[in-house]
Amino acid sequence: MAILELKGISKIYGNLAALQSIDLQVQKGEWLAIMGPSGSGKTTMMNIIGCMDRPTNGSVFLDGWDISKATAKGLTRIRRDKIGLIFQQFHLVQYLSALENVMVAQYYHSIPDEAEAMTALERVGLADRAKHLPRQLSGGEQQRVCIARALINYPELILADEPTGNLDEANEHTVIDIFKQLHHDGSTIIVVTHDPEVAEDAERTVVLEHGHIARITENRMKGVMV
Ligand SMILES: Nc1ncnc2c1ncn2[C@@H]1O[C@H](COP(=O)(O)OP(=O)(O)OP(=O)(O)O)[C@@H](O)[C@H]1O
Ligand SMILES: [Mg+2]
């Protein structure tokens, strides 16, 4: 079953078409990578899928709902209920601890529950860093807090835009391993990356060029836990 379907999506800025006639289906439980040169439209596409922006033309179906027609309030609700977002710049609140940063996300979804936030940190291997402030954490640890924050409401769709862009190789592998586990547990994951090593673990790679889908490659044996 398709969890996400883009039909004829365009995004026009003045005389620049950041996206043009994008058609794409993503199946439930699939792990998809999006690659392409800088400026090819990757973040624009993720912002539309993540309910942070609207297409100029076309429809976006998430779980069968046409989100391109949702109101601003509706978009916020869909984002809160169905989507987990992970960014290259971690966007952590600097004066809150790791645990509190995760609890801020809970506040948007439900009632803050410290034990549940702690479980989310445990899932990314950070239980022993719960009281640390972001500046007391390494880049990789900060990104894992962001992943815990994104996972707090068990989102149907996990969107990550360059999640390893600011990480060294060891931390990159830690993050990829968490994605492997999430995929194994049934999450649908879309990850934008410049790094072929990150894309390699996805089941399919969509390559964008100048706002078009240039090609889609299948990695048949990938995305599987070994
Ligand atoms: N708000 C905006 N107003 C005008 N142009 C924009 C806006 N957002 C993006 N663009 C343009 O749309 C194009 C696609 O941008 P986008 O951020 O999607 O690229 P990207 O593939 O994510 O690049 P990168 O790999 O550098 O992150 C670029 O040419 C960019 O300058
Ligand atoms: Mg981008």
Side-chain angles (χ1 to χ4, degrees), residues 2-13 18-20 22-36 38-92 101-102 104-109 120 143 145-166 175 178-179 182-183 186-194 198-199 202 204-206 208 211 213:
I3 186 170
L4 177 74
E5 186 170 9
L6 308 183
K7 279 189 177 171
I9 290 296
S10 307
K11 183 74 185 181
I12 314 291
Y13 293 113
L19 293 175
Q20 294 185 63
I22 300 283
D23 292 309
L24 182 69
Q25 273 201 4
V26 180
Q27 302 303 313
K28 225 181 179 88
E30 192 180 1
W31 183 352
L32 185 80
I34 300 176
M35 296 190 83
S38 180
S40 58
K42 303 180 299 295
T43 295
T44 304
M45 187 160 139
M46 289 294 258
N47 287 345
I48 291 171
I49 296 170
C51 297
M52 290 172 285
D53 199 0
R54 254 185 251 267
T56 309
N57 291 300
S59 306
V60 184
F61 293 92
L62 183 62
D63 255 352
W65 293 86
D66 186 352
I67 60 173
S68 47
K69 295 205 168 50
T71 60
K73 228 178 177 177
L75 283 180
T76 305
R77 196 169 48 233
I78 296 162
R79 189 168 65 231
R80 189 187 63 196
D81 293 346
K82 294 187 184 289
I83 294 169
L85 295 165
I86 299 158
F87 306 94
Q88 177 176 357
Q89 321 289 350
F90 314 126
H91 298 306
L92 291 170
N101 264 284
V102 176
V104 167
Q106 272 180 327
Y107 177 77
Y108 284 107
H109 301 298
Q143 189 57 297
V145 175
C146 298
I147 296 173
R149 180 180 62 183
L151 298 180
I152 197 70
N153 61 332
Y154 295 91
E156 289 173 48
L157 185 56
I158 297 167
L159 302 179
D161 194 347
E162 295 269 6
T164 60
N166 281 338
V175 167
I178 294 171
F179 282 1
L182 290 170
H183 177 256
S187 296
T188 311
I189 304 172
I190 304 181
V191 54
V192 167
T193 184
H194 281 288
V198 176
R204 278 197 302 162
T205 302
V206 172
L208 289 181
I213 294 182

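None of the values given here were measured: they were computed from a predicted structure.
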| request: Kindly indicate whether the side chain of Ile48, heavy atoms from C-beta on, has any atom under 4.5 Å from the side chain of Arg54. | output: no
| request: Would you check, one step at a time, whether the test side chain to side chain contact (heavy atoms under 4.5 Å, CB included) holds for Leu32 with Ile189? | output: CA-CA 6 Å; Leu32 185 80; Ile189 304 172; over 6 Å; no
| task | Give the C-alpha distance, both sets of side-chain angles, the deciding distance and a yes or no for side chain to side chain contact (heavy atoms under 4.5 Å, CB included) between Leu182 and Ile158. | result | CA-CA 9 Å; Leu182 290 170; Ile158 297 167; 3.8 Å; yes
| request: Might you point out which heavy atoms bring Lys69 and Asp66 nearest each other, and give the distance in Å? | output: NZ-OD2, 3.1 Å
| task | With rounding to the nearest 0.5 Å, note down the distance linking CG in Leu85 to CE in Met52. | result | 4.5 Å
| field | Listed partners of Thr43 passing side-chain contact (heavy atoms from CB on, under 4.5 Å), at least two apart | value | Asn47, Asp161
| task | Provide the closest heavy-atom pair for Thr205 versus Met35 in the form atom of the first, atom of the second, distance. | result | CG2-CG, 3.8 Å
| field | Contact summary for Leu159 and Gly50, nearest pair of heavy atoms | value | CD1-CA, 3.4 Å
| request: Begin with the C-alpha distance, continue with both residues' side-chain angles, and end with the deciding distance and a verdict on side chain to side chain contact (heavy atoms under 4.5 Å, CB included) for Gln89 and Asn166. | output: CA-CA 8 Å; Gln89 321 289 350; Asn166 281 338; 3.4 Å; yes
| field | Gap between atom OH of Tyr154 and atom CG of Asp81 - 0.5 Å precision | value | 15.5 Å
Distance-only check: which donor-acceptor pairs under 3.5 Å involve side-chain atoms of residues 3-10, not counting sequence neighbours?
| from | atom 1 | to | atom 2 | distance (Å) |
| --- | --- | --- | --- | --- |
| Glu5 | OE2 | Gln25 | NE2 | 3.3 |
| Ser10 | OG | Ser21 | N | 3.4 |

| field | Closest non-hydrogen atom pair between Leu75 and Ala70, with its separation | value | CD2-CB, 4.0 Å
| said: Holding to salt bridge (charged side-chain N to carboxylate O under 4.0 Å, His left out), I want the full list of residues that pass it with Glu30, two or more places apart in sequence or in another chain. | reply: Arg204
| Which value, rounded to the nearest 0.5 Å, describes the distance between Lys42 atom NZ and Glu162 atom CD? | 6.5 Å
| query | Does any non-hydrogen side-chain atom of Thr188 lie less than 4.5 Å from one of Glu156? | reply | no
| request: Give me the one residue out of Val104, Val102, Asn101 that meets side-chain contact (heavy atoms from CB on, under 4.5 Å) with Leu92. | output: Asn101
| Heavy-atom check, side chain of Ile83 versus side chain of Cys51, under 4.5 Å | yes
| said: Contact between Pro55 and Leu19 at the side-chain level, heavy atoms closer than 4.5 Å - yes or no? | reply: no
| field | Distance, nearest 0.5 Å, that separates CE of Met45 from CD1 of Ile34 | value | 3.5 Å
| query | So, for Gly58 and Ser68, which heavy atoms are closest and what is the spacing to 0.1 Å? | reply | O-OG, 3.6 Å
| field | Under 3.5 Å donor-acceptor, Thr56 side chain and Ile12 backbone | value | yes
| request: Evaluate the ring planes of Trp31 and His183, with Trp represented by its six-membered ring, and classify them as parallel (under 30°), tilted (30 to 60°) or perpendicular (over 60°). | output: tilted
| task | Report the distance from atom CG of Asp23 to atom CD1 of Ile213, rounding to the nearest 0.5 Å. | result | 7.0 Å
| task | Taking the side chain as every heavy atom from C-beta outward, state whether Ile67 and Ile49 have any atom pair closer than 4.5 Å. | result | no
| request: Spell out, as yes or no, whether a donor-acceptor pair under 3.5 Å connects the side chain of Asp63 to the backbone of Trp65. | output: no
| query | Heavy atoms, side chains only, cut-off 4.5 Å: are Pro163 and Gln143 in contact? | reply | yes
| field | From CD1 (Ile147) to CD1 (Ile86), nearest 0.5 Å | value | 4.5 Å
